[in-house]
Asks: 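Sharing a structure, written as C-alpha cells. Questions coming.
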Amino acid sequence: MYVTYPDLIRVGIFIVAQVALRWNYQRGIIVIPKSVNVSRMKENFDIFNFCLDEEDMAAIRALETGERSAPDPDNMPF
C-alpha cells in the first residue's frame with residue numbers, strides 16, 4: 001500500500017529524512033546518506049514502502065527559493 005506525503009505527516013509514520021531520500025530516489029538521483037547510527041541506517045533504507053505522488057513532489061519542488069540558506073563556499077574569503 002502506498003501512502004502520500006500529507007498522510008505521512010498526519011499519522012507521523014516517516015521522518016523528514018526518509019521523505020527527502022524518497023523524493024530524490026523518485027527523481028532518479030542517487031543519494032548516499034552517511035550515518036554511524038544503526039537505527040538511522042535502518043530508517044534511511046526504509047523508503048521503499050511508500051511513494052510520493054505528483055502533488056507531493058510538486059509541493060517539495062516548490063520549496064526551492066533560489067536563495068542559499070548558508071554561505072556560498074565559492075565566495076568565502078580564505
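Only this structure's heavy atoms are used, side chains among them; waters, hydrogens and symmetry mates stay out.
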Asks: Scan I60, I29, I47 and name whichever one has a side-chain contact (heavy atoms from CB on, under 4.5 Å) with N24.
Replies: I29

Asks: Could you tell me which non-hydrogen atom of S35 sits nearest to which non-hydrogen atom of M41, and how far apart they are?
Replies: O-CE, 2.9 Å

Asks: If I take atom CD from residue Q18 and atom CG from residue N49, how far apart are they, to the nearest 0.5 angstrom?
Replies: 8.0 Å

Asks: Which heavy atom of F45 sits nearest to which heavy atom of F48, and what is that distance?
Replies: O-CD1, 3.4 Å

Asks: If you count every heavy atom of other residues, nucleotides or ligands that lies below 6.0 Å from R40 atom CZ, does the total exceed 12?
Replies: no

Asks: Under a 3.5 Å threshold, yes or no: a donor from one side chain and an acceptor from the other, between R22 and Q26?
Replies: yes

